[in-house]
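The structure under discussion appears below in the form of structure tokens.
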Amino acid sequence: MCGYGRHALALAKKGIQVTAVDNLADYISEIDRTARQENLPVKAVKTDVIAYKTDDMFDLAICMGNSLCFFNEHDTLQLLKTVAAHLKPQGFFLINTWMLAEIIFKDFRERSWSNVGELKLIAESKYYMQPSRIESNSLIISPDGKMEKKEAVDYIYSIAEMEVLLNKAGLI
């Protein structure tokens, strides 16, 4: 779930061999093009991260941003099991996420708006308990008045729930 490879490319620039995985062709193409242009040690793989198959073993797996919130509990557990199966003994799994209940509920708002550069973003969000998630409808308005609607579902886990999932996957 590497997106455009901000972290993957930064690590590769430090000489670290990186495998970047995402399901979107545009992301993987961008990473691959940059890695080739800059002669960086990056293998870019387009696939569903849950179904990712490889014989490679890794010292470190990284999940930055809010990628884990894309998945329901079953798929999150499958993803974590895949990560655990591909870590070398004494390997590490680094997770950075804002989508934990203890963080989300502190400032959760059902309605919000903001400006991002010249774009206006208007969002309506609702929290649901089972499974714990936030469903959002957003409207992006460009300066010329064009509008784009987006829908999203973000699954929310407490720290305790995340610990249970990590342990079930064999991660400590």
Side-chain angles (χ1 to χ4, degrees), residues 1-12 14 16-24 26-28 30-31 42-112 114 116 121 123-138 150-172:
M1 304 169 293
C2 60
Y4 280 108
R6 180 180 57 186
H7 299 103
L9 295 169
L11 290 167
K14 295 187 177 293
I16 299 169
Q17 178 68 46
V18 176
T19 299
V21 179
D22 203 286
N23 67 333
L24 295 177
D26 288 347
Y27 291 163
I28 294 304
E30 176 76 17
I31 292 169
V42 177
K43 178 169 80 173
V45 179
K46 182 195 168 298
T47 190
D48 176 343
V49 294
I50 294 171
Y52 180 57
K53 303 284 186 225
T54 183
D55 292 331
D56 296 336
M57 296 297 288
F58 302 96
D59 296 305
L60 173 67
I62 299 174
C63 183
M64 301 293 285
N66 290 319
S67 300
L68 284 179
C69 71
F70 299 154
F71 305 108
N72 63 30
E73 184 176 349
H74 175 266
D75 289 347
T76 298
L77 181 56
Q78 289 307 117
L79 174 63
L80 295 174
K81 285 180 178 180
T82 298
V83 169
H86 292 94
L87 282 176
K88 292 178 183 176
Q90 305 303 313
F92 291 92
F93 181 35
L94 173 67
I95 300 172
N96 171 264
T97 184
W98 299 257
M99 299 306 273
L100 293 169
E102 291 84 351
I103 297 171
I104 290 295
F105 298 136
K106 197 164 52 168
D107 295 316
F108 178 74
R109 291 178 285 168
E110 287 189 350
R111 291 184 177 84
S112 65
S114 60
V116 180
L121 174 65
E124 290 191 14
S125 302
K126 184 159 173 78
Y127 173 72
Y128 293 93
M129 300 281 274
Q130 289 296 334
S132 183
R133 68 197 187 281
I134 294 173
E135 294 185 9
S136 301
N137 292 299
S138 300
K150 300 272 187 181
E151 294 180 2
V153 176
D154 294 310
Y155 293 92
I156 309 299
Y157 302 99
S158 69
I159 293 172
E161 289 170 321
M162 186 55 65
E163 181 180 26
V164 167
L165 287 169
L166 290 164
N167 287 330
K168 282 183 180 179
L171 297 160
I172 299 171

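Treat the numbers as computed from the prediction; the structure is a model and nothing was measured.
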Query raised in the report: What distance do Leu79 atom CG and Cys63 atom SG have between them, rounded to the nearest 0.5 Å?
Result: 6.5 Å
Query raised in the report: Do Thr76 and Tyr157 have side-chain atoms, one donor and one acceptor, less than 3.5 Å apart?
Result: yes
Query raised in the report: Crowded around Ile172 CD1? As in, over 12 foreign heavy atoms under 6.0 Å?
Result: no
Query - Sequence-distant partners of His7, side-chain contact (heavy atoms from CB on, under 4.5 Å), two or more places apart - result: Met64
**Report entry** Separation of Leu80 CG from Asp75 CG (nearest 0.5 Å)
**Finding:** 11.0 Å
Distance-only criterion, 3.5 Å: show the donor-acceptor pairs between side-chain atoms of residues 100-110 and protein atoms not counting sequence neighbours.
from   : atom 1 : to     : atom 2 : distance (Å)
Glu102 : OE1    : Ile159 : N      : 3.1
Glu102 : OE2    : Ile159 : N      : 3.2

Requested in this report: Measure the spacing between CD1 of Ile62 and CE of Met1 and express it to the nearest 0.5 Å.
Outcome: 11.5 Å
Requested in this report: Output, in order, the C-alpha distance, side-chain angles, deciding distance and verdict of side-chain contact (heavy atoms from CB on, under 4.5 Å) for Ser138 and Leu121.
Outcome: CA-CA 7 Å; Ser138 300; Leu121 174 65; 3.9 Å; yes
Report task. Apply the test side-chain contact (heavy atoms from CB on, under 4.5 Å) to residues Asn72 and Val153: give CA-CA distance (whole Å), side-chain angles for both, the deciding distance (0.1 Å), then the verdict. Result -> CA-CA 10 Å; Asn72 63 30; Val153 176; over 6 Å; no
Query raised in the report: Looking only at heavy atoms, which two atoms of Gln17 and Val42 are closest? And how far apart?
Result: NE2-N, 4.3 Å
Report summary line: Between the OH atom in Tyr127 and the CD1 atom in Ile134, the distance rounded to the nearest 0.5 Å is 8.0 Å
Report summary line: The residue among Glu161, Lys168, Met162 that forms side chain to side chain contact (heavy atoms under 4.5 Å, CB included) with Val164 is Lys168
Query raised in the report: Are Leu166 and Phe93 close enough that some pair of their side-chain heavy atoms sits under 4.5 Å apart?
Result: yes
Query raised in the report: Between Lys81 and Leu77, is a side-chain contact (heavy atoms from CB on, under 4.5 Å) present by the stated rule, with each step listed?
Result: CA-CA 6 Å; Lys81 285 180 178 180; Leu77 181 56; 3.9 Å; yes
Query - Donor-acceptor pair, side chain of Asp22 and main chain of Ile28, under 3.5 angstrom - result: no
Query raised in the report: Of the non-hydrogen atoms in Val49 and Thr82, which two are nearest, and what is the gap between them?
Result: O-CG2, 4.3 Å
**Report entry** Smallest separation among heavy atoms of Cys2 and Ile31, with atom names
**Finding:** SG-CD1, 3.4 Å
Query raised in the report: Roughly how far, to the nearest 0.5 Å, is the CG atom of Leu87 from the CE atom of Met57?
Result: 7.0 Å
**Report entry** side chain to side chain contact (heavy atoms under 4.5 Å, CB included) partner of Val21, chosen from Thr54, Val45, Asp48
**Finding:** Val45
Query raised in the report: For His86 and Tyr52, which heavy atoms make the closest approach, and how far apart are they?
Result: CE1-O, 4.4 Å
Query raised in the report: Between Ala169 and Ala84, what is the shortest heavy-atom contact and its length?
Result: O-CB, 3.2 Å
Report task. Supply the atom-to-atom distance Asn137 CG to Arg111 CZ, rounded to the nearest 0.5 angstrom. Result -> 11.0 Å
Report summary line: Heavy-atom nearest pair, Lys126 first then Tyr128, reads CD-OH, 3.4 Å
